[in-house]
Amino acid sequence: MGREVSESCIDSLLTEMVSTYCNRFYANKPELAARRIEAIGYQVGHQLSERYTMDRPRFSDHLEAIKFICKDFWSELFKKQIDNLKTNHRGTFVLQDNRFRWLTRMSIDQSPENGASEDTSIMADNKAVQSMHLYFPCGIIRGALSNLGIPCAVSADISNLPACSFVVRIKA
Amino acid sequence: MIVCVAVVGYQNNPLYIQSFTDADDALKLHHIVHCSLDVVDERVNNPKKSGPPLNETFLGLLYPTENYKVYGYLTNTKVKFILVTTDLDVRDADVRNFFKRFHAVYVDAVSNPFHVPGKKITSRTFAERVSTIVKSFGLSSAG
């Protein structure tokens, strides 16, 4: 019943959304832009989790809900599962995706041959832009988990592209 | 026949209540739905050994009152669907089927970007589809 959209449309939409919020709407306020993007992701995650948990029995604990995010939810969104899940059994989970779909088209910095200062500031800018693109998936994960009754905070870590890790901290 | 369907959010706030008969008092139906919420909570928190397993979404017959039977369904997102019916013998499979279709319609209504989560569902399409499902429930169980 649903209509389908090509994947490149989604990629372009997300790229344009991040660039619009960062460069036009909140031009000099990256924290506000980040929060707005994350809030959009939150609502999307909220609604998607409603749809993808429709035929499943209820989850008995937090770990099952996180496993659902790693397997079913991630495969519905990105056609693959999370590659690695780590936990400290005290409410923190690290979800690692070795080839995050929305970052595959993003250029990866080559390591500089010499440590010139201009290079490092450019690299820092690039890192900032890359991290902006991750607020949306962080919001999606946070929205999905809150809808399942698990309030949490989600942050992303992109120390080695195209792999990326999402750190989920469950609020006690 | 179905008297009333209700959708209750996870903070026990009503999201949608619709009655399908003119005769009965709307307040009484609200009261019945409200009482059934307690039964839902009790079923979820204290599973009986003989009852359905803890993780099922369909909770079954919650409690029979003088004229009505009340069925419950709890989704993964802690949203409760309550069905009040006056039929004397209703097949379990029919009610499960009803809730499945109702869940699909609910998911479509919630996916509306103009819908604010936690507020009442105001979509006319949702109301129309719900009444279609309610009418077809009556037909299938009569046959």
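Below, read A as the first sequence line, B as the second, and so on, with proteins coming before strands; counting in each chain starts at 1. Predicted model only: the values in this text are computed from it and were never measured.
The two residues His46(A) and Pro117(B) make their nearest non-hydrogen contact at CE1-CB, 3.7 Å. Residue His115(B) comes nearest to Gln43(A) through the heavy atom pair O-NE2, 4.1 Å, listed as atom of the first residue, atom of the second, then distance. Heavy atoms only, all atoms of each residue included: Ala104(B) and Met54(A) are closest at CA-SD, 3.7 Å.
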Evaluate Asn76(B) against Leu148(A) for side-chain contact (heavy atoms from CB on, under 4.5 Å), listing each step before the verdict. CA-CA 6 Å; Asn76(B) 248 317; Leu148(A) 297 172; 4.2 Å; yes
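Between the OG1 atom of Thr77(B) and the CZ atom of Phe59(A) there is a distance of 10.0 Å, given to the nearest 0.5 Å. Rounded to the nearest 0.5 Å, atoms CD (Gln47(A)) and CG (Asp108(B)) are 11.0 Å apart.
Residue Asn28(A) places its CG atom among 12 or fewer non-hydrogen atoms of other residues, nucleotides or ligands, all under 6.0 Å distant. A 6.0 Å sphere centred on CZ of Phe73(A) holds more than 12 heavy atoms belonging to other residues, nucleotides or ligands. No more than 12 heavy atoms of other residues, nucleotides or ligands shown are found within 6.0 angstrom of NZ on Lys71(A). Counted within 6.0 Å of CZ on Phe78(A), heavy atoms from surrounding residues, nucleotides or ligands total more than 12; the atom is thus considered enclosed. Within a 6.0 Å radius of NZ in Lys78(B), other residues, nucleotides and ligands contribute more than 12 heavy atoms. The number of heavy atoms from other shown groups lying within 6.0 Å of CZ (Arg35(A)) does not exceed 12.
Contacts of Glu50(A) with chain B are made by both backbone and side-chain atoms, with heavy-atom separations under 4.5 Å.
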